[in-house]
Amino acid sequence: HQHNLDDMPLGVCEQVIQNGDNTEVVLKMPKDEHSKMIKSRVEMGAYGGLSIGYIARDFEYNTEGYRVIKDLDWYEVSFVTIPANPNERF
């Protein structure tokens, strides 16, 4: 969580679903004490959303100057208090 690479992984991403402009992920977490603590913090609203770590393999810029990613290598997903994308949410 919080992109802390020294922390143990929270689980694995089982599925990524692209639904128009929205991306949904299905995460699988172990049933250990660390995961229970993270889950309780998610449920109480301590985390504002998710953030992903990736490298864009193919992209272009649209007419408004925004980068449109066409292909990427997805490396990690983290629970974060303030996501970089203000439109991101649980």
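Computed from a predicted structure; not experimentally measured.
The CD1 atom of I69 sits 10.0 Å away from the CG atom of D58 when rounded to the nearest 0.5 Å. Here K36 contributes atom NZ and K31 contributes atom NZ; the two are 9.0 Å apart, rounded to the nearest 0.5 Å. Here the OG1 atom belonging to T23 is positioned 11.0 Å from the CG atom belonging to L50, to the nearest 0.5 angstrom.
Linking Ile, Leu, Val, Met, Phe, Trp and Tyr whenever their side-chain heavy atoms come within less than 4.5 Å leaves I38 and V12 in two separate clusters. Criterion: ILVMFWY side-chain heavy atoms under 4.5 Å apart, direct or through other members. Under it, F79 and M37 are part of a common hydrophobic cluster.
Under a 3.5 Å cut-off, the side chain of S35 and the backbone N or O of D32 do not form any donor-acceptor pair.
No more than 12 heavy atoms of other residues, nucleotides or ligands sit less than 6.0 Å from atom CZ of R57.
Minimum interatomic distance between K28 and E14 (heavy atoms only, all atoms of both residues): CD-OE2, 3.1 Å. Between P30 and G11, the shortest heavy-atom distance links the atoms CD-CA, 4.2 Å. Nearest approach of Y47 to V42, heavy atoms of both residues: CD1-CG2, 3.7 Å. A pairwise comparison of heavy atoms in R41 and M44 identifies O-CG, 3.3 Å as the closest pair. Shown here for V16 and V25, the closest heavy-atom pair between the two residues is CG2-CG1, 4.2 Å. In plain terms, the two heavy atoms of N22 and Q18 that are nearest each other are O-NE2, 3.2 Å.
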For this session: In sequence, state the C-alpha distance, the side-chain angles, and the governing distance for F59 and L72, and then conclude on side chain to side chain contact (heavy atoms under 4.5 Å, CB included).
Result: CA-CA 9 Å; F59 62 90; L72 60 83; over 6 Å; no

For this session: Mind running side chain to side chain contact (heavy atoms under 4.5 Å, CB included) on Y54 and V77 for me, showing each step along the way?
Result: CA-CA 9 Å; Y54 66 91; V77 60; over 6 Å; no

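With 3.5 Å as the limit, one finds a donor-acceptor pair spanning the side chains of S78 and E76.
Judged by the 6.0 Å and 45° rule, R67 forms no cation-pi pair with Y61.
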